[in-house]
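Read through the structure below, which is laid out as C-alpha cells, and then see the notes.
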Amino acid sequence: MADSKREIERKYEATPETRLPDLTRAAGVSAVEHRGLTELDAVYYDTADLRLAAGSLTLRRRTGGDDAGWHLKFPVSTGIRDEIRAPLADTLPDDLAGLIRSRVRDAEVAPVMRLRSARDVCHLLDGKGVLLAELSTDEVHAERLTEDGRGSTAAWTEIEVELADDRDPAVLDAVERRLRKAGVRPAASPSKLARALAETAPGKPRRTKEPASPRTAGDHVLAYVRHQIATVIDLDPAVRRGLPDSVHRMRVATRRLRSAFKTYRKVLDRTVTDPIGAELKWLAAELGVDRDQEVLDERLRARIDALPGTLVLGPVSARLTVSSTVRRAGSRRRVVSVLDGKRYLDLLESLDALLADPPLRSRAARKPAEVLPRAVTRDYARLATRVARALEQPPGEGRDLALHEARKAAKRTRYAAEAARPALGRPARTFAKRVKAVQKVLGDHQDSVVARDALRTLAARAHGAGESAFTWGLLYGQEEAAAADRERELPGIWARASEPGLRAALKR
C-alpha cells in the first residue's frame, strides 16, 4: 500500500571540488553529523512523449538507501513536493498507476532515464541532537534510455538539503545563507530528472517558447478553458487520494468549463462544445454525490453542536452519524471507479482535442472589449429574469425551486465575469464579487431546502424507532427561519449587483 510524505528541499550547483562551509554557524544548527556514503540507482518512467515530465511529475523505481521502492512526486510549490511511495516491485504498483492515469491515459509508461548517484550524507542537528535537515552531496551519472538519444549520458554534482519532518523551514534559509557565502548557488533545474532530460536531449537543446499574451477574445477564452482543464487533470490524483476539498475543487472546475462553453458560445462553436459540456455535466454529478452529503453533514452537525444539551433529546448525534455513514458508504470507491472508467478518459481526450484544434468562431478574432462584456451581460440578463421570477413567487415550494434556478444562473454569471477579468480588469472583478454575494445568499437558501428535506427523513426514522423527534423538529424550524432570513436579504443584495453603472463599466 502506498504512503505519502511531503518533501521540502533545496538543490544547489556543486563540483567534486566544492567544500561545504561550517554549517554549525547557520542559525539553529549545533552539530553536523556525517552519515557516510550511499549508492543509489533509480530508473525513471514516463510516456514516450514525456507527459509526466511536462507536468513536473516524476516516477521512479529506486534501489539503494533506506527508502528503496517506487516513488511518485507531485509538485506543490517551489521546493515542495508530495512523494507517494510504494514497496519495491518489478512492475508499477496499481496505486501509483491510478495516480498518473489522468495524464498518461492509455499510453505505455516505460523507462526513460537511469540515474546513478553516489550520495554523501550529513545530518544537521539542533542543540538537543534532534534532526533538522539532511544535507547530501550527490555525484550523479545520467543515461537516457529512450530511442531518441539512447545511451546519451550526462554527469554533474549537486548539493541537496531536505528539511526533516515537522521542522521549521527557516532552517533551510539559514543553511542557504551559509552556502551562498561560500559561493554555492541554487540549481537551475528543479529536479535531477529535469536536468538529465535537458542534458541528454538529442541535437540542440530545444527552447520552450513563452506563451504569447492573450490579445483576442478567443485568446482570453481559451486561456481560461485551458486553465480549467489543467485544474481537472491536476486534481485527479488528489481526488483518488481523498485529499481535503479535492472533490469540491474538481467539481467546480468542471462547472466553470461547462459555463464557459455556454457563455462564450459566440467564440467557441457549440457543435463541438455542447457534447463535451454534456459529459462535464455527468462528471460534476458523479463528483457531487459525496460532496453534497459532506456539506449537509457539516451543516446539521453544526446545528446540533450549537444546541444546549437540554434541547438534544434522544441519540441525535448517533443517528446523524449512522445516516451519514450509510449514505456515504462506498462513495469514494465509486468516484475512483468513475475516474478509472472509459467515459471519463474519453472526456479528457476530448478536452485535449479541443485545445489542440480550438473550434473558434469568427468573433474569436475580435478585441476582448467587443465580445466579452456582451457575453457577461447576456448571462446577467438571464439571472435578472430568474431573480425577478423568484421574488414574485409566494413563499413555498414554488419559490424554493425558482430561487434554486436563480442560484444556478448566478453561478454562471459569476464564472463568466471571472473568465473575463484578465481582459476587462477591475470592473469584471467588482461585478463578479457582487454576483458572488447573490450566489452565496441563494446557495445558503438552497442548502436550507436540502437540510429540511433530510431533517424530515431523520425525524420520521427517529419516530419509527421510538425515539423523540423533538430535536429534529427544532432543527427544522431553525432551517425554516434561516431560509426566510435569506429571502429577506436577497432584494438588498440583488440591488447592489444590479446597479446599471456596474454593468456599464464592463463595456468601457
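Start at 1 with the first residue, then count along the sequence.
Judged by distance alone, the side chain of S30 and the main-chain N or O of G127 form a donor-acceptor pair under 3.5 Å. Side-chain N or O atoms of S102 include one that pairs as donor or acceptor with a backbone N or O of I233 at under 3.5 Å. Looking at D46, its side chain does come within 3.5 Å of a backbone N or O of A53 through a donor-acceptor pair. Between the E39 side chain and the G64 main chain, no donor and acceptor come within less than 3.5 Å of each other. For the pair R167 (side chain) and L132 (backbone), a donor-acceptor distance under 3.5 Å is absent. S77 places no side-chain N or O within donor-acceptor distance of the main-chain N or O of I80, the cut-off being under 3.5 Å. Looking at Y264, its side chain never comes within 3.5 Å of a backbone N or O of A364 through a donor-acceptor pair. Between the side chain of R258 and the backbone N or O of A278, no donor-acceptor pair lies under 3.5 Å. In this structure, R256 contributes its side chain and Y415 its backbone to no donor-acceptor pair below 3.5 Å. A donor-acceptor pair is defined here as one N or O able to donate and one able to accept, closer than 3.5 Å; no such pair exists between the side chain of R426 and the backbone of T430.
Few gaps surround CZ on R407; more than 12 heavy atoms of other groups in view lie less than 6.0 Å from it. With a 6.0 Å radius and a threshold of 12 heavy atoms from other residues, nucleotides or ligands, D49 has its CG atom above the threshold. Other residues, nucleotides and ligands contribute only 12 or fewer heavy atoms inside 6.0 Å of the NE2 atom of H227. Residue K433 qualifies as open at atom NZ: its count of foreign heavy atoms under 6.0 Å is 12 or below. Around CZ of R25, the count of heavy atoms belonging to other residues, nucleotides or ligands within 6.0 Å does not exceed 12.
Within the 4.5 Å cutoff, the side chain of S259 has no heavy atoms near those of the K411 side chain. Residues Y12 and R180 have side chains not in contact (no heavy-atom distance under 4.5 Å, counting atoms from C-beta outward). Within the 4.5 Å cutoff, the side chain of L268 has heavy atoms near those of the L360 side chain. Proximity of K73 to L193: side-chain heavy atoms (C-beta onward) are nowhere separated by under 4.5 Å. I159 places none of its side-chain heavy atoms less than 4.5 Å from the side chain of T157. V335 places a side-chain heavy atom less than 4.5 Å from the side chain of L287. When side chains are defined from C-beta on, R299 counts as touching D444, because their heavy atoms get closer than 4.5 Å. Side-chain contact between L197 and R144 is present, with at least one heavy-atom pair separated by less than 4.5 Å.
Just one of V43, V112, T200 meets the side-chain contact (heavy atoms from CB on, under 4.5 Å) condition when paired with L145; it is V43.
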Let me see the working for T231 and D234 under side-chain hydrogen bond (donor to acceptor under 3.5 Å, both in side chains), right down to the final yes or no.
CA-CA 5 Å; T231 299; D234 289 346; 5.8 Å; no

side-chain hydrogen bond (donor to acceptor under 3.5 Å, both in side chains) assessment of R414 paired with Q439: CA-CA 8 Å; R414 172 193 163 196; Q439 177 194 328; 3.2 Å; yes

(Q) The test is side-chain contact (heavy atoms from CB on, under 4.5 Å); show your working for L442 and K408 and say whether it passes. (A) CA-CA 9 Å; L442 293 171; K408 291 189 286 186; over 6 Å; no

Step-by-step side-chain contact (heavy atoms from CB on, under 4.5 Å) determination, L257 to L351: CA-CA 10 Å; L257 262 177; L351 293 171; 4.3 Å; yes

*asked:* Assess the residue pair L296 and D292 against the criterion (side-chain contact (heavy atoms from CB on, under 4.5 Å)); give the C-alpha distance rounded to whole Å, side-chain angles, the decisive distance to 0.1 Å, and a yes or no.
replied: CA-CA 6 Å; L296 176 62; D292 290 345; over 6 Å; no

| Which is it for I276 and L280 under the side-chain contact (heavy atoms from CB on, under 4.5 Å) test, yes or no, and what are the steps along the way? | CA-CA 6 Å; I276 299 176; L280 289 169; 4.2 Å; yes

**Message:** What verdict does the salt bridge (charged side-chain N to carboxylate O under 4.0 Å, His left out) test give for R81 and E83, after you've listed the backbone C-alpha separation in whole Å, the side-chain angles of each residue and the deciding distance to 0.1 Å?
**Reply:** CA-CA 6 Å; R81 294 187 291 182; E83 181 178 273; over 6 Å; no

Taking it one step at a time, do E418 and Y224 satisfy side-chain hydrogen bond (donor to acceptor under 3.5 Å, both in side chains)?
CA-CA 9 Å; E418 290 175 345; Y224 181 80; 5.0 Å; no

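Between the CG atom in D346 and the CG atom in D106 there is a gap of 8.5 Å [rounded to 0.5 Å]. Between the CG atom in L40 and the OG1 atom in T38 there is a gap of 6.0 Å [rounded to 0.5 Å]. Within the model, atoms OG1 of T216 and CG of L222 stand 8.0 Å from one another, a figure rounded to the nearest 0.5 Å. Atom CG of L354 sits about 9.5 Å away from atom CZ of R226, to the nearest 0.5 Å. Note that CG of D82 and CG of L243 are 7.5 Å apart. Values are rounded to the nearest 0.5 Å. For the atom pair E162 CD and L135 CG, the distance stands at 11.0 Å (nearest 0.5 Å).
Residue W156 comes nearest to A142 through the heavy atom pair CZ3-CB, 4.0 Å, listed as atom of the first residue, atom of the second, then distance. Residues V267 and G218 approach most closely at CG1-CA, 3.8 Å, considering heavy atoms. Heavy atoms only, all atoms of each residue included: D236 and Y344 are closest at OD2-OH, 2.7 Å. The two residues E13 and A187 come nearest to each other via the heavy atoms OE2-CA, 3.5 Å. Scanning all heavy atoms of the two residues, the minimum distance from A260 to V225 falls at CB-CG2, 4.4 Å. Of all non-hydrogen atoms in L300 and A451, the two that sit nearest each other are CD2-CB, 4.1 Å.
Sorted by first and then second residue, the salt bridge (Lys or Arg N to Asp or Glu O under 4.0 Å) pairs involving residues 119-134 (not counting sequence neighbours) are R119-D138, R119-E160.
Ion pair K11/E9 flagged as a salt bridge, since at least one NZ, NE, NH1 or NH2 atom sits closer than 4.0 Å to an Asp/Glu carboxylate oxygen. A salt bridge links D340 to R240: at least one charged side-chain nitrogen sits closer than 4.0 Å to a carboxylate oxygen. Salt bridge present: E279 and R343 bring a charged side-chain N and a carboxylate O closer than 4.0 Å. Salt bridge status for R178 with D22: absent, with no side-chain N to carboxylate O gap under 4.0 Å. Of the charged side-chain nitrogens involved, at least one lies within less than 4.0 Å of a carboxylate oxygen, so that K5 and D165 count as a salt-bridged pair. Taking the charged nitrogens against the carboxylate oxygens, R301 and D297 have no contact shorter than 4.0 Å, which rules out a salt bridge.
The side chain to side chain contact (heavy atoms under 4.5 Å, CB included) search around R177 returns D173, A174, not counting sequence neighbours.
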